[in-house]
2 protein chains.
Amino acid sequence: MGRGKIEIKRIENVNNRVVTFSKRRNGLVKKAKEITVLCDAKVALIVFASNGKMTDYCCPSMDLGAMLDQYQKLSGKKLWDAKHENLSNEIDKIKKENDSLQLELRHLKGEDIQSLNLKNLVAVEHAVEHGLDKVRDHQAQQNLQE
Amino acid sequence: MGRGKIEIKRIENVNNRVVTFSKRRNGLVKKAKEITVLCDAKVALIVFASNGKMTDYCCPSMDLGAMLDQYQKLSGKKLWDAKHENLSNEIDKIKKENDSLQLELRHLKGEDIQSLNLKNLVAVEHAVEHGLDKVRDHQAQQNLQE
DNA sequence: TGTACTATATATAATCT
DNA sequence: TAGATTATATATAGTAC
């Protein structure tokens, strides 16, 4: 695209390489913006120069985080790997624990017991009776103290 | 760059828009690959068509995860750090819920009640009595049915 | 969808400040 | 380094298949 044709391979001359990088990076970002506007596309672009300097572009209609979420869904690749997954798993685990606690609690309050069979029902009854005894004992003690 | 000059604004004709998208997306990826090779650059590119279909490119020398780590460092913007934080917060919230459920449960079983004052104790007693009544009712019904 | 065909519009390589 | 110039290489709009 210039005065001479170039092969697509690493430009050995450092100065040319840096100048070409700068021009082409600008060109790339421009094209990214154009396709975004022309075609209603969502584009995210991150470029690192060989010296580490970064340039990025993200379409205005979706932020990078959302783009990456979508990327993970569609590609099946995991970006925030193990850590994220571990946390999600922990949440699931605690939620289940939570659910079973809630159910047990309802049973002790005499709710949702229609699903219990007789044996379980008896167990619940004993638990409640036992609890009641303890509560009454303690209450009696407190009354004495006052 | 073609038979006619076009303004950079949304192409209204759907067919043209889709065709242009397809061509320009290919062009964009090509440019991304070229700058990668020519200039030793690292490039990551994600494109979503308006229909949701995704195309992506990442330079061979660094994977997307590493690019994004670097992006976070250099830009100071948080991508998944924020998500981690959200998940951690959720875990904390559910754990607290869990703890209070556990405590309530122990109270109904007559445990850990030394920390309760008389008023609370009475409330617990009523809850347990009420539960016991319900459990007994239900048990009686089940006995009749057999 | 993709691919092929061109006439044009753009991008950019080489060069110089 | 960052612009300006300009000849040339590429990309692509419009079109048809």
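All chains are named by letter (A, B, ...) in the order of the sequence lines, taking the proteins before the strands, and each is independently numbered beginning at 1.
- Of the two residues contacting DNA chain C, namely B:Met1 and A:Ile11, the nearest-nucleotide position lying further toward the 5' end is that of B:Met1.
- A:Ser22 comes within 4.0 angstrom of nothing in the nucleic acid, heavy atoms only.
- Nearest nucleotide to the side chain of B:Asn16, out of D:dG14, C:dA11, D:dT1: D:dG14.
- Atom C1' of nucleotide C:dT1 and atom CG of B:Asn15 are separated by 10 Å, given to the nearest angstrom.
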>> Apply side chain to side chain contact (heavy atoms under 4.5 Å, CB included) to residues A:Leu74 and B:Phe48 and explain how you reach the verdict.
In response: CA-CA 10 Å; A:Leu74 295 181; B:Phe48 293 108; 3.7 Å; yes
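- Across all strands shown, B:Asn51 has heavy atoms under 4.0 Å from sugar-phosphate atoms exclusively, and none from any base.
- Here the straight-line distance linking atom NE2 of A:His84 with atom CG of A:Leu79 works out to 10.5 Å at 0.5 Å rounding.
- Rounded to the nearest 0.5 Å, atoms CG (B:Leu144) and CD (B:Gln141) are 7.5 Å apart.
- As a whole-Å value, the separation of B:Asn26 CG from D:dT10 P is 17 Å.
- Residues B:Asn120 and B:Asn117 have side chains that bring a donor and an acceptor to within less than 3.5 angstrom of each other.
- Linking Ile, Leu, Val, Met, Phe, Trp and Tyr residues whenever their side-chain heavy atoms come within less than 4.5 Å places A:Met62 and B:Leu64 in a single cluster.
- Between A:Arg24 atom CZ and D:dT10 atom P there is a gap of 9 Å when expressed in whole angstrom units.
- Regarding B:Arg10, its CZ atom lies at a distance of 18 Å from the C1' atom of D:dA13, rounded to whole Å.
- Positionally, the nearest nucleotide of DNA chain D for A:Lys5 lies more toward the 5' end than for the other of B:Val19 and A:Lys5.
- Rounded to an integer number of Å, the gap from B:Leu28 CG to D:dT12 C1' is 13 Å.
- Nearer to the 5' terminus of DNA chain C, by closest-nucleotide assignment, is the contact made by B:Ala49 (compared with the other of B:Ala49 and A:Gly27).
- Of the listed nucleotides (C:dA14, D:dG14, D:dT12), C:dA14 has the atom at the smallest distance from the side chain of A:Ile6.
- Contact between the side-chain N/O atoms of B:Arg3 and the OP1/OP2 oxygens of C:dC5 is not found at any separation under 4.0 Å.
- The CD-C1' distance, from A:Glu12 to C:dA13, rounds to 17 Å in whole Å.
- Within the structure, every side-chain polar atom (N or O) of B:Lys53 is placed at least 4.0 Å from both OP1 and OP2 of C:dT1.
- The distance between atom NZ of B:Lys33 and atom P of D:dA11, rounded to the nearest whole Å, is 13 Å.
- Across all strands shown, A:Lys23 has heavy atoms under 4.0 Å from base atoms, whether or not it also approaches the sugar-phosphate.
- Across the protein-nucleic acid pair, A:Ile35 atom CD1 and C:dT10 atom P stand 16 Å apart, rounded to whole Å.
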